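To start, the structure under review is shown below, and the notes come after it.
In this text, all values refer to a predicted model and were calculated from it rather than measured experimentally. Both ligands and their constituent atoms are indexed starting at 1 by order of listing. No hydrogens, no waters, no symmetry mates; every other heavy atom, side chains included, goes into these values.
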Amino acid sequence: MTDTREGGCACGAVRYRLHGAPMFVHCCHCRDCQRQTGTAFVLNVLIETDRITLLSGAPEPVAVPTDSGRPHDVHRCPACRTALWSDYGRRPGLRFVRVGTLDDPAALPPDVHIYTRSKLPWIALPADVPAFAAYYDMKSLWPAASLDRRQAIRG
Ligand SMILES: [Zn+2]
Ligand SMILES: [Zn+2]
């Protein structure tokens, strides 16, 4: 498979490789993501856990509170604490990888903007990318191949 991408944390202790295209890319403007990142939004690649190869290091899960009450673990470099990816809802087969940790973050622009109801007012969204005030219906937006991959994830 030639479609691979690499990334890592700020200190270099954690390095990883993604195999294959993401199922989908979220740009989330919710208040949780704003607080956890300390900035305006988070950018996440949705991908199967088994398509992530750790090349070095071992990210540690850190549980964070959520507005919804559902579990959310942020996996961070144990040394520099950079957030590499999230596990939402304790679903072991699915990861939300932080696009900013990729060596080439420009390669994966968002497929959707979500929770724009709390988007910071000075951010102008592109007209050609779907945007939703809250969450959205995966089945109406995801490519069929991505929906098949999501279905195939257990847990
Ligand atoms: Zn690090
Ligand atoms: Zn969010």
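Taking backbone and side chain together, His29 holds no N, O or S atom under 2.8 Å from the Zn ion (ligand 2). At a threshold of 2.8 Å, the Zn ion (ligand 2) has no backbone or side-chain N, O or S atom of His26 nearer than that distance.
No hydrogens or angles considered: a donor-acceptor pair under 3.5 Å links the side chains of Tyr16 and Thr101. For the residue pair Tyr136 and His26, a side-chain donor N or O sits within less than 3.5 Å of a side-chain acceptor on the partner. Side chain to side chain, Ser86 and His72 meet the donor-acceptor criterion of an N or O pair below 3.5 Å.
For the pair SG of Cys80 and SG of Cys11, the angle whose vertex sits at the Zn ion (ligand 1) is 110° to 10 degrees. Rounded to 10°, the angle formed at the Zn ion (ligand 1) by SG of Cys9 and SG of Cys77 is 110°.
Note: Phe24 and Trp142 meet the aromatic proximity criterion, with ring centroids under 6.0 Å apart.
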